[in-house]
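All remarks here apply to the structure that follows.
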2 protein chains.
Amino acid sequence: MKRFTKHTIKNSLKRIFMYRSCLMRLKMIGVEKVYSYTLADETGVTADQVRKDFSEYGITGNKKGGYEVNDLIEKLEKIFHRNKDHNIVLIGMGNIGTSLSRYNNFIHRNMNIVATFDIDPFKQKTRSEIPVYAMSRLKEIIDRFRVKVAIIAVPEISAQEVADELIQAGIKGIINFAPVLLKTPGDVIVNNINLCDELESVIYYVHSQMKSTGAKNLELLYRGMKY
Amino acid sequence: MKRFTKHTIKNSLKRIFMYRSCLMRLKMIGVEKVYSYTLADETGVTADQVRKDFSEYGITGNKKGGYEVNDLIEKLEKIFHRNKDHNIVLIGMGNIGTSLSRYNNFIHRNMNIVATFDIDPFKQKTRSEIPVYAMSRLKEIIDRFRVKVAIIAVPEISAQEVADELIQAGIKGIINFAPVLLKTPGDVIVNNINLCDELESVIYYVHSQMKSTGAKNLELLYRGMKY
DNA sequence: ATTTAAATGTGAAAAGATTCACAAAACACA
DNA sequence: TGTGTTTTGTGAATCTTTTCACATTTAAAT
Ligand SMILES: NC(=O)c1ccc[n+]([C@@H]2O[C@H](COP(=O)([O-])OP(=O)(O)OC[C@H]3O[C@@H](n4cnc5c(N)ncnc54)[C@H](O)[C@@H]3O)[C@@H](O)[C@H]2O)c1
Ligand SMILES: NC(=O)c1ccc[n+]([C@@H]2O[C@H](COP(=O)([O-])OP(=O)(O)OC[C@H]3O[C@@H](n4cnc5c(N)ncnc54)[C@H](O)[C@@H]3O)[C@@H](O)[C@H]2O)c1
């Protein structure tokens, strides 16, 4: 019966990524030293949690002295092998694909979209910094740039088909913007981003809050993490 | 010390949204009846979990007979007061903002971006289906359309400032694409979408997997939900 | 009408995540 | 050098989520 395995990223790991991106920001504005509660404050978790997370991943600071920002970033980079560049491909140069291809923050974090692909020959002629290739050249480019991670930004109907092609070409990780759950082999991770669902959940929350001032019903559905 | 409350949406509620969008899709392709394992299969969770979630929200089906798709959708709509339209505003008509403003799926799910805003006077002249207003008209429009939810798609540096203006104007829910944690009062929910972090976590996963074939280290960091 | 098979629905058990609480370390200052 | 203060690091306790297991219901088959 088992068709595929859905990998869910541990909460603690997600938070570690938050800490990292927060540290980069703090570094940029000249902060040199942080305490567990500094990071807590910036990321919306508790200081206990920050320390517990660090403990889980074997990251240590200085008793009383907190953590050196540079040192901490370096430790995280090492643990997450993020010191080298990563080549990415993007499939589907439509609305969202084009905007993602122009997103500078990816590059700032050593993630380079080296090539994009589209079936539409018209899109392939687009003047853009990153080349837009025909789908027929997928494997060639993926091999050449040793790409392991891809972004899917094609319509829902084509998403599974494109995922299959990508996996065939050796891709091991996918960020999927199409609102479908892709079926992939166990060794290929998929991270689905469903913006409609995200927006709906906010609407739902706002609605619930407006209805029940008594927070009785709300309590049931939401958990407030205080700090 | 407490500055704000971070609301995290319950996992079960997120899954309920997945079930819903999945049911809509199944309905479109003509499916009339589903079982807990059908939904499990489509959404990547276990059948037990689907039933447990339904149980939590008081949704029932027919023993042996599964669930009627129409009936189930209706129950979800009722519970989530999603039968009426919701007006949304979007701030920042740059790369991602523009692509979001053109995203059809929002409308298909009764979420209408009624107006967009930008400080750049040039952007305000853009020919687009949805009007682009100056920030000075924020409160006026939000009041007129009774908007409660906003999308922030402005640069990191301006995000907090824009959030403050929105809250001033009566907004109660925010989807934030800027990679910063917004500080908001307890009754305003924020859903942060951080695409860099999402992409990084995929890269991290792929890397770990390639290093440790023994799955020993992996086991520590990822949890595989089978079904 | 009776049996069989296939689902649901839900307490109870297990696993996982968060918070608590406090000992240990280290800095500051007398 | 010693005393007080601040912050880390981590087991233990608590709280939440998921999985298990099975009684219950119902549709279909005989
Ligand atoms: N626009 C948004 O803001 C937004 C937001 C969230 C999710 N999405 C999702 O992202 C996907 C793309 O949305 P969009 O608005 O950019 O759509 P779009 O139609 O503007 O772009 C889709 C692109 O994919 C290309 N394409 C189609 N089939 C292909 C195939 N088999 N191989 C390669 N390329 C192919 C098309 O030529 C087109 O350029 C959809 O699944 C949508 O639901 C979009
Ligand atoms: N481009 C992407 O694919 C992408 C992906 C994820 C997240 N983001 C994030 O989304 C945000 C926008 O990214 P972008 O690439 O669209 O940037 P952009 O520069 O293309 O667009 C930003 C827009 O916001 C407007 N703006 C700036 N300050 C404003 C203010 N105070 N009030 C109103 N409008 C203001 C600008 O005029 C501009 O039109 C950034 O925070 C970015 O990190 C972008």
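Sequence lines set the chain letters: A, B, ... in the order given, protein chains first and strands last, and positions in each chain run from 1. All heavy atoms count here, side chains included; hydrogens, waters and symmetry mates do not.
By the side chain to side chain donor-acceptor pair (under 3.5 Å) test, D53(A) pairs with R15(A), Y19(A), sequence neighbours left out. Every residue was checked against the side chain to side chain contact (heavy atoms under 4.5 Å, CB included) condition with S55(B), not counting sequence neighbours, and none meets it. Looking at residues two or more places apart in sequence or on another chain, you find no ring-ring contact (aromatic ring centres under 6.0 Å, His included) involving F145(A). By the salt bridge (charged side-chain N to carboxylate O under 4.0 Å, His left out) test, K75(B) pairs with D71(B), sequence neighbours left out. A search for salt bridge (charged side-chain N to carboxylate O under 4.0 Å, His left out) contacts involving R25(A) returns E42(A), E156(B), not counting sequence neighbours.
The side chain of R15(A) places an N or O atom within less than 4.0 Å of a non-bridging phosphate oxygen (OP1 or OP2) of dT18(C). Within the 4.0 Å cut-off from OP1 or OP2 of dT17(D), not a single side-chain nitrogen or oxygen of Q49(B) is found. Close to dT19(D), at under 4.0 Å from its OP1 or OP2, lies a side-chain N or O of T46(B). S55(B) has no side-chain polar atom (N or O) that falls below the 4.0 Å cut-off from OP1 or OP2 of dG9(C). Contact annotation: Y37(B) side-chain N/O to dA7(C) OP1/OP2 distance is under 4.0 Å.
Screening residues 60-70 of chain A for side-chain hydrogen bond (donor to acceptor under 3.5 Å, both in side chains), with sequence neighbours left out, gives K27(A)-N70(A). Under the side-chain hydrogen bond (donor to acceptor under 3.5 Å, both in side chains) criterion, the residue pairs touching residues 163-177 of chain B are Q160(B)-D164(B), K172(B)-D187(B), N176(B)-N192(B), with sequence neighbours excluded.
Rounded to whole Å, the distance from CG on D48(A) to P on dG11(D) is 15 Å. Remark: P of dT16(D) and CG of L13(B) are 16 Å apart, rounded to the nearest angstrom. The separation between R51(B) atom CZ and dA6(C) atom C1' is 11 Å, rounded to whole Å. Whole-Å rounding puts the D41(A) CG to dT7(D) P distance at 13 Å. With rounding to whole Å, D71(A) atom CG is found 14 Å from dT8(D) atom P. K52(B) has its NZ atom 15 Å from the P atom of dA14(C), to the nearest Å. Rounded to whole angstrom, the span from the CZ atom of F54(A) across to the C1' atom of dT18(C) amounts to 16 Å. Rounded to a whole Å, the CD atom of E56(B) is 12 Å from the P atom of dT10(C).
Between the two ends of the helix from dA1(C)-dT30(D) to dA30(C)-dT1(D), each summarised by a five-pair axis, the helix axis turns through 10° (rounded to 10 degrees).
Distance from the side chain of K10(A) is smallest for dA17(C) among the nucleotides dA17(C), dA21(D), dT17(D).
Within residues 60-68 of chain B, the residues approaching DNA chain C are T60(B), G61(B), N62(B), K63(B), K64(B), G66(B), Y67(B), by heavy-atom distance under 4.0 Å.
Nucleic acid contact class of S12(B) (heavy atoms, under 4.0 Å, all strands): none. Among the heavy atoms of the strands lying under 4.0 Å from N11(B) are primed sugar atoms or P, OP1, OP2 only; no base atom is included.
Using cut-offs of 30° and 60° on the angle between ring planes, the pair F106(B) and Y103(B) is perpendicular.
For the side chain to side chain contact (heavy atoms under 4.5 Å, CB included) with L195(A), the lone residue among L100(B), I151(B), N105(B), I175(B) that qualifies is L100(B).
In this structure, D197(A) pairs ionically with R109(B), as a charged nitrogen and a carboxylate oxygen lie closer than 4.0 Å.
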